[in-house]
Amino acid sequence: MIIQSEIISLKHLLTVEALSDQEVMGLIRRGQQFKLGAPWAPQKNQYFVSNLFFENSTRTHKSFEVAEKKLGLETIEFDARSSSVQKGETLYDTVLTMSAIGVDVCVIRHGDENYYDQLIQSKTINCSIVNGGDGSGQHPTQCLLDLMTIYEEFGHFNDLKVAIVGDITHSRVAKSNMQMLKRLGSEVFFSGPEEWYDKSFDVYGTYKPLDELVDNVDVIMLLRVQHERHDDKESFSKQEYHEKYGLTVGRSKRLKKKAIIMHPAPVNRDVEIADSLVESLQSRIIEQMSNGVFVRMAILEAILNGIS
Ligand code: CP
């Protein structure tokens, strides 16, 4: 029998910084329990959740839907392209409406960093907000599924060497992960084009050329090149990027036997990572996608604990 020993209760999940270490570990362990088939005991018969995605998504959107269905929650369909957003309705008014009609939780992805500030300051909006990604700001649910995947592999974070490689400036995944990995005791390294690195990241880790890192790291976390967030034309071709900053087959042979390869996906195959490595033995990219469902179940449960 699986016993839930840690009851976590959250009003919102907006950033990973706002979570205590105990809450992070509790959500990871609860995700693991859900993966093993743990049941959930809701305090009410009916909860309504709406997934409001204003930026494209496959993994986050669909794994939230699966998590909601596994928990027996009522998912209220929302498509910005066929909603009153097309008549000029603001994000605030969309969420205000969801709250007024009885939606308990809004999972939101939006292009504006910190879009959630005005929502949580509202005295009229009562629903909980789960951040499914805010521009180049944060991606807390991806961070938690990444942490769950690392924890499953190593059983700890302390003293693990983790390289975060690629388009770091534009990556909300990188920002959430660097903060939390450093806090949990991992040694963080960065690599990738210098123009996509910011000195402000130095407080979390050390920037090095990839060839100085591949032999030593326990985790290599590749990031998608975020073409949609680049104002200027990129100064290298896909092939040049792959050879200089990507995980090539050649570099992968230098990884430690127990090192794992991660990528939040979607993957630009043969750019950030060689096509043949995406589903290779050392890759945990598919596991990350699967774990997304279970950690999101843990997050939704914690949020519903907070409003019951
Ligand atoms: N990793 C991730 O956030 O993927 P999606 O953009 O498909 O949700």
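Numbers here simply count residues along the sequence, with the first being 1. Counting starts at 1 for both ligands and their atoms, in listed order.
Nearest non-hydrogen protein atom to atom 7 (O) of ligand 1 is T58 N, 2.8 Å. Protein heavy atom in closest approach to atom 6 (O) of ligand 1: R109 NH1, 2.8 Å. If you check which protein heavy atom lies closest to atom 4 (O) of ligand 1, you get R59 NE, 3.2 Å.
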Report task. List the steps, then state whether side chain to side chain donor-acceptor pair (under 3.5 Å) holds for Y204 with D202. Result -> CA-CA 5 Å; Y204 300 108; D202 284 354; over 6 Å; no
Requested in this report: Determine, stepwise, if the pair H242 / I273 fulfils side chain to side chain contact (heavy atoms under 4.5 Å, CB included).
Outcome: CA-CA 7 Å; H242 186 58; I273 175 169; 5.7 Å; no
Query raised in the report: Under the side chain to side chain contact (heavy atoms under 4.5 Å, CB included) criterion, do I108 and L91 qualify, and how do the steps go?
Result: CA-CA 10 Å; I108 304 177; L91 174 65; 4.3 Å; yes
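Between F53 and F78, the distance from one ring center to the other does not fall under 6.0 angstrom.
A salt bridge does not link K175 to E17: none of the charged nitrogens lies less than 4.0 Å from a carboxylate oxygen.
For A265, a nitrogen or oxygen atom sits less than 3.5 Å from a nitrogen or oxygen atom of ligand 1, counting backbone and side chain alike. Backbone and side-chain nitrogen or oxygen atoms of S57 are examined, and one is located within less than 3.5 angstrom of a nitrogen or oxygen of ligand 1.
Judged by distance alone, with hydrogens and angles left aside, the side-chain atoms of R251 form a donor-acceptor pair with the main-chain N or O of G246 at under 3.5 Å.
For H139, the heavy-atom gap to ligand 1 drops under 4.0 angstrom.
Contact atoms of ligand 1 toward P264: 1 (N) (distance under 4.0 Å to a heavy atom of the residue).
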